[in-house]
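One structure below.
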Amino acid sequence: MDRPERVRHFTKVSDLSVEEIRKILKRAFKLKERPHADRSLTGRTVALIFSKPSTRTRVSFSVGVYQLGGMALYLSEQELQMRSSESLEDTARVLSRFVDAIVIRTFAQSDVDELAAHATVPVINALTDERHPCQALSDIFTFEERFPDSKGRTITYMGDGNNVAVSLAAAGALSGIDVCLGIPEEYDLAPALWEEIQGLAAAHGTRVWVERDPERAVETASAVYTDVWTSMGQERDQGKLQALQPYQVNRGLMSVAPWEAIVMHCLPAHRGEEITDEIMDGPQSVVFDQAENRVHVQKALLTFLLGGD
Ligand code: CP
């Protein structure tokens, strides 16, 4: 695999065009059928910098790089000089001399953007407080796996306007899938992110809208999606948990959704909070397929970014 002429990063969903997302998801479907068929990362190394805990993202990138013939190098931020005694800029320049791509999970989106600005190899956002684009790409894959006629269907996200909601809405907008956000007023998306999402939806002829009434939010949904109400590193906020309680994905709510609706969750789940056991383990749930699909989609993403096609 030759290096592409222009370095491509994946710091947010809209770093990719509609056509590029199609190409990556098509490749991911092939990789899911034949996980060991592509060895195009042979001899190549991918750094995984994590400042927060992770099960799915860390393992799926590690396994994916290995299946592609490469080596994943896990680096916890505490063990690097990064930030404590070396700038992000210098870290980006040094790592670019050693590795072929940098995957980073951290707090501030601006840190990922700065790393990308100075790296000469692809930088992939593995979650920030603002965005989770790898999750969103994989979620669209899972949705299309169940609904190949995905265009014009609706994914309803129930919860607060967090990083998963932002990236899901962006990925829906670029994939011809409408996204309804079932969010209580005080937990809306940040205004700048909401404007960005509305711009993407308008440009691609899709709809992203907020519905405060939980039952109305799910009544036309092909997928009902939820995420934890207390994100990594946040204190448990009783007021927030109370405000979100009506948005819990449970039997009552799912009885209002169309019969064919699937249930999605990016995991980890706080069972009994945002989702009940019977729904998470029930026949409509695709949450473990969703977790598995992270590996197939990220392999396709890596081969796209590293191969340039
Ligand atoms: N969904 C997700 O990103 O899971 P991890 O935090 O375990 O990586």
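For ligands, and for the atoms within them, numbers begin at 1 and follow the listed sequence.
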Quiz item: Checking side-chain contact (heavy atoms from CB on, under 4.5 Å) for the pair Tyr157/Thr226: CA distance, chi angles, key distance, verdict?
Solution: CA-CA 6 Å; Tyr157 172 90; Thr226 189; 5.9 Å; no
Taking only distance into account, with no hydrogens and no angle test, what donor-acceptor pairs under 3.5 Å do side-chain atoms of residues 65-76 form with protein atoms, sequence neighbours excluded?
unit_1: Gln67; atom_1: OE1; unit_2: Lys299; atom_2: NZ; d: 2.7
unit_1: Ser76; atom_1: OG; unit_2: Glu79; atom_2: OE1; d: 3.0

Hey, can you pull the donor-acceptor pairs under 3.5 Å for the side chains in residues 191-201, sequence neighbours left out?
unit_1: Glu196; atom_1: OE1; unit_2: Arg131; atom_2: NH2; d: 2.9
unit_1: Glu196; atom_1: OE2; unit_2: Arg131; atom_2: NH1; d: 2.9
unit_1: Gln198; atom_1: NE2; unit_2: Val208; atom_2: O; d: 2.8

Can you give me every donor-acceptor pair (side chain of residues 262-275, partner residue at least two apart or in another chain, under 3.5 Å) with its distance?
unit_1: His265; atom_1: ND1; unit_2: Leu267; atom_2: N; d: 2.8
unit_1: His265; atom_1: NE2; unit_2: Glu274; atom_2: OE2; d: 2.7
unit_1: Arg271; atom_1: NH1; unit_2: Asp277; atom_2: OD1; d: 2.8
unit_1: Arg271; atom_1: NH1; unit_2: Asp281; atom_2: OD1; d: 3.4
unit_1: Arg271; atom_1: NH1; unit_2: Asp281; atom_2: OD2; d: 2.8
unit_1: Arg271; atom_1: NH2; unit_2: Asp281; atom_2: OD1; d: 2.9
unit_1: Glu273; atom_1: OE2; unit_2: Arg236; atom_2: NH1; d: 2.8
unit_1: Glu273; atom_1: OE2; unit_2: Arg236; atom_2: NH2; d: 2.6
unit_1: Glu274; atom_1: OE2; unit_2: His270; atom_2: N; d: 2.8

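Judged by distance alone, the side chain of Thr206 and the main-chain N or O of Ala173 form a donor-acceptor pair under 3.5 Å.
In the displayed structure, Glu215 atom CD is contacted under 6.0 Å by at most 12 heavy atoms of other residues, nucleotides or ligands.
Around ligand 1 you find Ser54, Thr55, Arg56, Thr57, Arg105, His132, Gln135, Cys266, Leu267, Arg294, each with a heavy-atom distance below 4.0 Å.
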